[in-house]
Amino acid sequence: MAESITITDNRSGNQIEIPISNGGVSASEWQKLLPGIWFYDPGFVSTASCESSVTYLDGENGILRYRGYPIEQLAEHSTYLEVAYLLLNGELPTEAEFAAWRSEITYHTYIHENVRKRFLDGFHYDAHPMGMLVSAVAALSTFYLDAKDIFNPESRHKQIVRLIAKMPTLAAAAHRFSVGMPFVYPDNSLDFAANFLSMMWKVAEPRFDANPMLAHALDVLFVLHADHEQNCSTTAMRVVGSSHADPYSACAAACAALYGPRHGGANEAVIRMLGDIGSMDNVPDFVAAVKQGHGRLQGFGHRVYKSYDPRAKIIKRTADEVFEITGKNPLLDIALKLEEIALSDEYFTSRKLYPNVDFYSGLIYQAMGFPLQMFPVLFAIPRTAGWLAHWQELLDQDSKIARPRQLYIGLDSRDYVPMVDR
Ligand code: CMC
């Protein structure tokens, strides 16, 4: 028997049976019985806003798959560029497809000189690189007017390639500006992550070759951050995309969502928290304070994961590999102690609060020399592939414009009072 639910309107006794399909029930069916009665669901906690075949996430069991492939296998065997192809096309590329894809991305890494010289150079000397990135991504739409042609497959593909290729260039340019260093042009002989590291750190040497282990570790982090289904920034991408804005404008909105400390800014908050705790001896008091409602344990808890975030497990291993090269981040011991205490404490276990992707990623970034301000920027670079995969899917599904309802709780109609009478 097909699974369904039956809803009864107790005011009239009318009923409607709604089939359960793909784990959801259609709200348009509900509207047939109850027009004008809205679901009240702040934060979309119980709302599926779309059908998607990009990423599968089972938060209860700690499962994450891109296009069916387990994240653990992709982190071990794949690369960010291959994963980006997979997310966008649904299948892993053949050797020839990958060579063409890598070549396309490599030859779109340059940004227009005006973006750098006039636009980025116009920021205040200590501008936050994430603020610069949000603005620069939006500004790209003014350089590529063909981007508005969103239903032309050729144009769409070109903008996707441009965005994925230029994000590291913009990210590194924002960093260099914010620390007063000259811009470094992309080196197209390098791989994606190595090229980004070159644009970040190169000084006067003719060619910057990053430590291959560090470039690989960064690439693994890019794989882990490439998509995470309907998170806040992807939802922003879809909402803006649903108005048929160009992909640069939609991507800028997604970047802006990622800027917030509850989303892409959490790994920075973790480092600040670990620094505030200061020593292992202070960990028990800190945990006790969190339990009494004084702040949160940053890098713990997740809207969807109610078990250990599978990405956090991989990141913990990657951290060990990175620390072998860079030396151990002194905050690591505090983090490990914090995790140990929290995982055995009833407050955290009863609420299913486990380490998330951000708990260890900041420690790696810091050990690799990235300033805290760059953390959300490092998240935005790979998430661009996920944003674009969802944007493309949305357009192919001919989705409606995002336009939720509200439950009005304001005042009833009243007459205007002239200022002198107030
Ligand atoms: N530390 C202490 N208590 C917490 C924490 C935490 N990190 N997270 C949730 N709680 C408690 C919260 O106080 C509440 O307790 P009670 O039921 O007694 O009121 C309960 O757990 C449920 O919390 P919630 O705020 O209703 O859960 P949410 O699903 O709305 O929030 C979250 C999810 C990620 C915003 C939240 O867990 C949090 O603020 N975590 C810290 C910030 C963080 O690490 N964010 C990164 C998220 S992962 C990156 C990404 O995928 O974007």
Side-chain angles (χ1 to χ4, degrees), residues 41-47 54-60 62-66 71 130 221-238 254-274 276-277 283-316 335 338-365 372 375-387 390:
D41 187 17
F44 311 125
V45 179
S46 307
T47 297
V54 179
T55 287
Y56 174 78
L57 208 174
D58 174 350
E60 290 298 326
I63 295 172
L64 174 63
R65 297 182 200 130
Y66 298 160
I71 191 69
M130 190 62 174
L221 288 169
F222 284 174
V223 168
L224 299 181
H225 285 89
D227 195 44
H228 211 230
E229 52 119 297
Q230 309 311 318
N231 54 83
C232 180
S233 57
T234 303
T235 300
M237 181 86 190
R238 279 184 174 264
C255 278
L258 194 63
Y259 199 173
R262 282 169 149 188
H263 189 11
N267 47 15
E268 181 179 338
V270 171
I271 298 294
R272 290 192 196 284
M273 171 189 75
L274 295 174
D276 288 346
I277 295 173
V283 172
D285 284 351
F286 179 80
V287 172
V290 167
K291 285 163 63 177
Q292 281 161 17
H294 302 299
R296 289 199 162 190
L297 190 44
Q298 297 300 330
F300 260 67
H302 199 275
R303 170 61 60 78
V304 182
Y305 289 120
K306 300 303 168 199
S307 66
Y308 212 103
D309 182 336
R311 300 169 300 173
K313 275 188 201 153
I314 303 167
I315 286 191
K316 210 172 163 184
L338 205 53
E339 180 182 343
E340 182 194 312
I341 293 183
L343 290 183
S344 57
D345 190 303
E346 196 270 339
Y347 175 93
F348 295 94
T349 51
S350 65
R351 289 171 177 76
K352 299 190 173 169
L353 299 171
Y354 296 91
N356 60 49
V357 69
D358 291 313
F359 194 64
Y360 288 104
S361 63
L363 289 171
I364 302 181
Y365 294 145
L372 291 192
F375 289 8
V377 177
L378 290 163
F379 194 158
I381 294 171
R383 186 53 63 87
T384 303
W387 292 332
H390 286 275

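Both ligands and their constituent atoms are indexed starting at 1 by order of listing.
- Looking only at protein heavy atoms, the nearest one to atom 3 (N) of ligand 1 is Tyr347 OH, 3.2 Å.
- Remark: the backbone N or O of His225 is paired with a side-chain donor or acceptor of Arg383 at under 3.5 angstrom.
- Each of Tyr305, Phe300, Tyr308 was evaluated against Phe359; a single residue qualifies, Phe300, per the ring-ring contact (aromatic ring centres under 6.0 Å, His included) test.
- Without hydrogens or angle criteria, Thr55 side chain to Tyr66 main chain gives no donor-acceptor distance under 3.5 Å.
- For atom 51 (O) of ligand 1, the closest non-hydrogen atom on the protein side is His302 NE2, 3.1 Å.
- Distances from atom 41 (C) of ligand 1 to the protein include at least one heavy-atom value under 4.0 Å.
- Under the 4.0 angstrom criterion, atom 27 (O) of ligand 1 counts as lacking any protein heavy-atom contact.
- Looking only at heavy atoms of the protein, atom 35 (C) of ligand 1 is closest to Arg296 NH1, 4.3 Å.
- Taking the ring centroids of His263 and His228, they lie at or beyond the 6.0 Å cut-off.
- Between atom 8 (N) of ligand 1 and the options Asp358, Asp309, Leu353, the minimum heavy-atom separation is to Leu353.
- Using a 4.0 Å heavy-atom cutoff, Arg311 is listed among the residues neighbouring ligand 1.
- The distance from ligand 1 to the heavy atoms of Gly299 drops below 4.0 Å at these ligand atoms: 43 (C), 44 (O).
- Considering each of Ala266, Ala312, Pro261, Ala342, the one bringing a non-hydrogen atom nearest atom 43 (C) of ligand 1 is Ala266.
- Of all atoms in ligand 1, listed by their number and element, those nearer than 4.0 Å to a heavy atom of Gln298 are 41 (C), 42 (C).
- Because its NZ or CZ atom is not both nearer than 6.0 Å to the ring centre of Phe348 and within 45° of the ring axis, Arg351 does not count as a cation-pi partner of that residue.
- Annotation: atom 21 (O) of ligand 1 to nearest protein heavy atom, Arg351 CD, 3.4 Å.
- Remark: ligand 1 atoms within the under-4.0 Å shell around heavy atoms of Val290 are 2 (C).
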